[in-house]
Each structure stands twice: as C-alpha cells, then as structure tokens.
Amino acid sequence: MLAAWRFERRGRALDFGRPPEHDLRDIMDAILYVDRTGVQWRYLPHDFPHWNTVYGYFAKWADEGVFARLNGLLRQLLREKEGRDAEPTACVIDAQSIKTSTSVPAAGQGVDAGKKIVGRKRSIVTDTLGLLLAVLVTAASVQDSVAGTSLLDQVAANHPGIRKVWVDGGYRQHLVEHAATLGIDMEITTRKPGTRGFTPIPKRWAVERTYGWLMLHRRLARDYETLPTRSEP
C-alpha cells in the first residue's frame, strides 16, 4: 500500500525527478519507534532517516488517510482470521481524557471537570474485538455526547453495516436519538449498583482493553502534538 502511495504521488508530479532516497519500511519503523518509546521527533536515532523527513511522511500520510487505510486493511484481515465478517455490525464508543505536554497550545486543551484533568480527550470507536473503527481527539472539555455524535456520523458513513453500539452512562439520551436516525440501536450500559473496583462490563470491556493497549505506547500516555489531528493517526 505504501509503495502504491509513493508511485501515485510521483505520477502526479510534472516529472518523476530523482529516485526516493529512503525505504518506506525505514520511515514506518521510525514512526513506530516514536510512538512506542515516546522520544521526541528531533531525537530519533541516527540509524533512521532524518527526523524532518520522517515527520514529513507522517504528516502526509495522516492528511491523505494512509494510516486509516492501513488500519482498515489490518482490521479486516484480523476479523477474518477470527472467523468474523470483514465488516463489523456492532461497535463500542468510549472516551479517555489525558494530560498534555507544556508545548501544546492552550487553545487546544480543556478541563475534564469530572476527572479533573487538564488536557485533551481521546474518543474512539472499536468493533467487538477492540479493533479501531474511528478516532477523534478534542479538548478535554468537550462533552462525550458531542464527540460521540461526530463519531457516529463517521461510522455510519464508513461502515454502513453497523446496527448496534454500546456506550457508558456518560453519553446523553440525545445521542441515542441521533443514533436511531442513522439506523443504529444504541444501548447505554452501566455498572451494577454497589459494585466496587474494576469490573468488566459485557460488550464494553473490549474498548477498555483497547485503551490499555494504547497506554503501552509512551507517546500516547500523554499528548505531545501541537495539532489534535496529529494525535489521531
């Protein structure tokens, strides 16, 4: 897929110019290294391509939807390996507030009053295996239902087979009504009264596990990106 992207991009140019200097696998490995270790772009080890080149590819791939297409292909392969249909019919939505670096502009941050976190909110949609369908990064002050409305619209457009979605009690009734207009049955699941400590909730545990996977990547444990759209890929 990456090779096809490069060929198409060069084909749109007036002339092919000089051959590309860097192997695309090296570029992707460098991006994954930043994600996994949390190192700053400028501090990429010298055995990778120059950090400015790596970030340039990262920005282009994010803007042109390359990461989304890669994720979609991998998700389909994994679902088929698990004996599922390539396209899901049910999903889960949840949100996570995370702190931001001091380098993040104040205009891109907010306060999650419930969790008392100053930073951004990462809202995701996963299938029932916990595989990503959509991501939206906003200021932490944005209500879950507001972000959820945008995510539902994305899911309905990109995955028309979705007919069921589970959310937690932080999502409002008007989101349930919006889901109904899209032909999606939304169910709000809550913990049983009196339950203490962590208790997996049926269906919703998959998205909680996905957040656990994400937090294993140091670059995602705190938001360092100036632009929220750079945090989504």
Side-chain angles (χ1 to χ4, degrees), residues 1-9 11 23-36 57-58 60-96 122-137 147-168 171 175 178-189 200-217 219-220 229-233:
M1 181 179 289
L2 296 181
W5 172 86
R6 173 177 273 176
F7 181 81
E8 180 185 0
R9 189 176 183 84
D23 186 273
L24 292 174
R25 180 56 184 266
D26 291 338
I27 298 291
M28 179 60 77
D29 285 346
I31 293 172
L32 294 176
Y33 182 90
V34 170
D35 173 60
R36 187 69 177 185
Y57 273 90
F58 169 75
K60 290 185 180 71
W61 288 346
D63 293 341
E64 297 181 22
V66 173
F67 290 114
R69 294 199 296 274
L70 281 173
N71 179 66
L73 176 60
L74 292 173
R75 183 181 60 249
Q76 290 177 1
L77 292 174
L78 283 170
R79 287 184 59 84
E80 290 173 348
K81 184 178 179 180
E82 293 293 323
R84 307 290 187 92
D85 292 335
E87 281 297 317
T89 57
C91 63
V92 191
I93 300 179
D94 201 6
Q96 175 192 55
R122 184 184 293 143
S123 300
I124 65 174
V125 184
T126 73
D127 65 7
T128 53
L129 296 177
L131 305 175
L132 285 172
L133 299 177
V135 180
L136 180 64
V137 177
T149 299
S150 177
L151 287 172
L152 275 178
D153 291 339
Q154 288 186 47
V155 168
N158 299 328
H159 306 279
I162 293 290
R163 290 293 176 265
K164 181 75 176 184
V165 57
W166 290 274
V167 297
D168 65 19
Y171 293 84
L175 186 61
H178 180 69
T181 65
L182 300 173
I184 300 174
D185 175 32
M186 176 174 285
E187 180 180 339
I188 298 177
T189 60
I201 300 176
K203 304 299 182 181
R204 281 199 55 250
W205 67 269
V207 73
E208 299 290 353
R209 183 181 61 177
T210 299
Y211 277 127
W213 289 337
L214 295 180
M215 297 305 284
L216 294 175
H217 297 254
R219 188 78 181 185
L220 301 179
T229 52
R230 291 289 178 262
S231 300
E232 293 174 2

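In this chain, numbering begins with 1 at the start of the sequence shown. Only this structure's heavy atoms are used, side chains among them; waters, hydrogens and symmetry mates stay out.
- Looking at S150, its side chain never comes within 3.5 Å of a backbone N or O of A147 through a donor-acceptor pair.
- Considering only heavy atoms from C-beta on, L152 comes within 4.5 Å of M186 through its side chain.
- Closest of all the heavy-atom pairs between R163 and G183 is CD-O, 3.4 Å.
- For L2 against M28, the heavy-atom pair with the smallest separation is CD1-CE, 4.0 Å.
- Without hydrogens or angle criteria, D35 side chain to I31 main chain gives no donor-acceptor distance under 3.5 Å.
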TODO: Using the side chain to side chain contact (heavy atoms under 4.5 Å, CB included) rule, take I93 and L151 through it: C-alpha gap first, then chi angles, then the decisive distance, then the call.
DONE: CA-CA 8 Å; I93 300 179; L151 287 172; 4.3 Å; yes

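- At a threshold of 4.5 Å between non-hydrogen side-chain atoms, the residues D153 and T149 count as touching.
- Taking CZ from R36 and OH from Y33, the interatomic distance works out to 12.5 Å, rounded to the nearest 0.5 Å.
- Looking at Y211, its side chain does come within 3.5 Å of a backbone N or O of D94 through a donor-acceptor pair.
- Each of L70, L132, D127, T126 was compared with R75 under the side chain to side chain contact (heavy atoms under 4.5 Å, CB included) criterion, and only D127 meets it.
- Within the model, atoms CG of L129 and CZ of R84 stand 4.5 Å from one another, a figure rounded to the nearest 0.5 Å.
- Here the closest non-hydrogen pair linking A95 and Y171 is N-OH, 3.5 Å.
- Considering L133, L131, I124, T128 in turn, L133 is the only one that fulfils the side chain to side chain contact (heavy atoms under 4.5 Å, CB included) rule with C91.
- For the atom pair CG (D29) and CG (D23), the distance works out to 8.5 Å, reported to the nearest 0.5 Å.
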Task: side-chain hydrogen bond (donor to acceptor under 3.5 Å, both in side chains) assessment of Y57 paired with R6 - done: CA-CA 10 Å; Y57 273 90; R6 173 177 273 176; 2.9 Å; yes

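- Residues V92 and V165 have side chains not in contact (no heavy-atom distance under 4.5 Å, counting atoms from C-beta outward).
- Distance alone, capped at 3.5 Å, is enough to place a donor-acceptor pair between the T210 side chain and the G130 backbone.
- Side-chain contact between R69 and M1 is present, with heavy atoms from C-beta onward closer than 4.5 Å.
- The shortest distance between side-chain heavy atoms of E232 and F67 does not fall below 4.5 Å.
- A salt bridge links D63 with R230: at least one charged nitrogen is closer than 4.0 Å to a carboxylate oxygen.
- When all heavy atoms of E80 and A86 are compared, the closest pair comes out as OE2-CB, 3.5 Å.
- Within the 4.5 Å cutoff, the side chain of F58 has no heavy atoms near those of the V34 side chain.
- Salt-bridge formation is detected for the pair R204/D168: a Lys NZ or Arg NE/NH1/NH2 atom is positioned less than 4.0 Å from an Asp or Glu carboxylate oxygen.
- By the side chain to side chain contact (heavy atoms under 4.5 Å, CB included) test, A30 is found to be paired with L44, F48, V54, residues two or more places apart in sequence or in another chain being considered.
- Looking only at side-chain heavy atoms (C-beta outward), R79 and E87 stay at 4.5 Å or farther from each other.
- Expressed to the nearest 0.5 Å, how far CG of L78 lies from CG of L74 amounts to 6.5 Å.
- Shown here are the side-chain hydrogen bond (donor to acceptor under 3.5 Å, both in side chains) partners of D185, two or more places apart in sequence or in another chain: K164.
- For the atom pair CD of E208 and CH2 of W205, the computed distance is 11.0 Å after rounding to the nearest 0.5 Å.
- In this structure, R122 and S231 have side chains that are not in contact, with every pair of non-hydrogen atoms separated by 4.5 Å or more.
- If you take CD1 on I27 and NZ on K60, they are separated by 10.0 Å, rounding to the nearest 0.5 Å.
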